[in-house]
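Down below is the structure, laid out as structure tokens.
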Amino acid sequence: MEIIIGLLIIAIGAFCQSSSYVPINRIKEWSWESYWIVQGVFAWLVFPFLGALLAVPAGHSLMEIYAANPTDTLWTMFFGVLWGVGGLTFGLSMRYLGVALGQSVALGTCAGLGTILTPVFTGKTDDLTTPVIVGVVVTLLGIGIIGYAGSLKSAALSEEEKKKAVKDFNFTKGILVALLAGFMSACFSIGLGFGESLCFPESDELYKTLPATLMVTVGGFLTNAVYCFYQNGKNKTWGDYSKTALYGNNLIYCALAGILWYSQFFGLSLGKGFLTSSPALLTFSWCILMSLNVTFSNVWGIILKEWKGCSSKTITVLVIGLLVLIVSSFLPELLK
């Protein structure tokens, strides 16, 4: 029963993450670089900090954790900086492919590489058991099927129909950007692996990964801040921040996007606390989160009519891919 609860919590976090880009559509008169960094303040600083505090026992502080493990802290933040590159290109993948297909390809790549590379970088290759590897392979198969559905969509729709669903639709450019985004985004999982020591022994099992999560997101914030402020200067959009009349609306939706995005990693931490009886699922938990993110992002893609006008064959292929992803989430437990 605990395993089911853990998977449900991770699924809720994945649903929230897949919904996090919806509030952004309600932001008014701000350029991409302006609203992206503002929502990042909430997503990568404010809410991760509040979450990390839950792992700090009374009478202690977060700085004690980081000061006691300076090397692990720096490595964790370093991989966060690399993950930040993935976050930037991740946004571009959705710009060119839409929410559904963009998240599918990027998160699918991120799921497989994050699960495989984390034990490799942290020297825990014994965690890469046969059930885990089979689960990753099946996850990538599901992503491949969804990618095929995307290629069918690209081939069948006219340029006008593509642009109507996704304004800047470009399949070739989008796929390349999404693959890069997935590769760099996998660094988040590697960062969490290096940050396993960043917790107090007496911390509740449900919150133990949250201090490491904060260090990864701080690193990602630095990357995004440099790029967004550069774009502010290049595009002369510094004036966005002086439009005080928009603050009420824009800050609310940026904060909403931020907390929805952070929910995936808060849910991952809580969910892993219920998966301790299954080492295979603990190792595979990153892949579970990413595959569920893909599943729910495609649900949003359907709601936002990104698949409107596609043939029944394309929709059938899409549904098969989603079903394969759902099954992959349980495979390591079934095969152990």
Side-chain angles (χ1 to χ4, degrees), residues 6-28 30 32-56 62 80 83-84 86-88 90-91 94 99 102-103 106-107 110 185 188-189 191-192 195 204 206-225 228 240-241 246-274 285-286 288-290 292-297 299-301 303-304:
L7 292 175
L8 284 174
I9 292 174
I10 293 174
I12 292 171
F15 176 77
C16 290
Q17 186 279 335
S18 300
S19 307
S20 65
Y21 296 92
V22 177
I24 286 177
N25 293 328
R26 304 297 296 273
I27 295 173
K28 300 177 180 178
W30 275 3
W32 177 87
E33 56 267 22
S34 299
Y35 73 67
W36 187 254
I37 196 59
V38 173
Q39 70 84 31
V41 169
F42 293 103
W44 308 321
L45 296 181
V46 175
F47 294 118
F49 173 73
L50 295 176
L53 291 179
L54 294 174
V56 181
L62 271 175
W83 161 76
L88 287 169
F90 188 76
M94 288 185 293
V99 172
Q103 288 207 53
L107 292 178
C110 177
S185 294
F188 198 112
S189 177
L192 291 180
D204 192 306
L206 299 176
Y207 308 127
K208 277 194 171 181
T209 66
L210 295 178
T213 300
L214 172 61
M215 284 298 97
V216 177
T217 57
V218 166
F221 176 81
L222 295 176
T223 305
N224 281 266
C228 288
D240 288 346
Y241 306 115
L246 300 174
Y247 274 27
N249 178 84
N250 291 0
L251 288 181
I252 287 175
Y253 286 112
C254 282
L256 180 57
I259 194 170
L260 287 173
W261 183 91
Y262 174 65
S263 295
Q264 65 181 311
F265 296 114
F266 188 77
L268 178 65
S269 181
L270 267 62
K272 289 172 69 173
F274 287 93
S285 58
W286 176 261
I288 293 173
L289 175 63
M290 294 300 115
L292 290 174
N293 280 345
V294 171
T295 301
F296 289 123
S297 69
V299 171
W300 273 113
I303 293 172
L304 296 174

Are any of the side-chain heavy atoms of Pro23 and Leu260 separated by less than 4.5 Å?
-> yes
Which heavy atom of Gly87 sits nearest a heavy atom of Ser185, and at what distance?
-> N-OG, 4.2 Å
Under 3.5 Å, side chain of Ser18 to main-chain N/O of Asn293, donor-acceptor pair present?
-> yes
Approximate separation, where rounding is to 0.5 Å, of Lys28 NZ and Asn249 CG = 5.0 Å
Could you check Phe296 against Cys16 for side-chain contact (heavy atoms from CB on, under 4.5 Å), going step by step and ending with a plain yes or no?
-> CA-CA 9 Å; Phe296 289 123; Cys16 290; over 6 Å; no
Distance in Å, Asp240 CG paired with Trp32 CH2, rounded so as to fall on 0.5 Å steps = 13.0 Å
Given side chains that start at C-beta, do those of Thr209 and Leu268 come closer than 4.5 Å, heavy atoms only?
-> no
Grab the two heavy atoms, one from Ala55 and one from Tyr207, that are nearest each other, plus how far apart they are.
-> CB-O, 3.4 Å
Any side-chain heavy atom of Met290 sitting closer than 4.5 Å to one from Gln264?
-> yes
Of all the heavy-atom pairs spanning Cys254 and Ile27, show the shortest one and how long it is.
-> SG-CD1, 3.6 Å
Can you check whether Leu88 reaches Thr223 side chain to side chain, under 4.5 Å on heavy atoms?
-> yes
Criterion ring pair (Phe, Tyr, Trp, His ring centres under 6.0 Å) on Tyr35 and Tyr253, from CA distance to verdict = CA-CA 10 Å; Tyr35 73 67; Tyr253 286 112; over 10 Å; no
Geometric class of the Phe188/Trp83 ring pair [parallel <30°, tilted 30-60°, perpendicular >60°] | perpendicular
Is a donor on one side and an acceptor on the other found under 3.5 Å between the side chain of Thr217 and the backbone of Trp44?
-> yes
Has the side chain of Ser269 got a donor or acceptor atom that lies under 3.5 Å from a matching backbone atom of Phe265?
-> no
Side chains of Phe15 and Leu292 in contact at under 4.5 Å (non-hydrogen atoms) | no
Distance, nearest 0.5 Å, that separates NZ of Lys208 from OG1 of Thr213 = 14.0 Å
When rounded to the nearest 0.5 angstrom, what distance separates CG in Leu45 from CG in Leu214?
-> 8.0 Å
Considering non-hydrogen atoms only, spot the tightest contact between Ala257 and Ser20 and give its length.
-> CB-O, 3.3 Å
Can you find a heavy atom in the side chain of Ile12 that is under 4.5 Å from one in the side chain of Ser263?
-> no
Sub-3.5 Å donor-acceptor pair from the side chain of Asn224 to the main-chain atoms of Gly219, do we have one?
-> no
Can you check whether Trp30's main-chain N or O pairs, donor with acceptor, with Ser34's side chain at less than 3.5 Å?
-> no
Taking the six-membered ring for Trp, is the centroid-to-centroid distance between Phe47 and Phe266 below 6.0 Å?
-> no
Taking C-beta and beyond as the side chain, do Val46 and Tyr262 meet within less than 4.5 Å on heavy atoms?
-> no
Interatomic distance, Asn250 atom CG to Tyr241 atom OH [nearest 0.5 angstrom] = 11.5 Å
Look up atom CG in Leu210 and atom CG in Asp204, then write down how far apart they are to the nearest 0.5 Å.
-> 10.0 Å
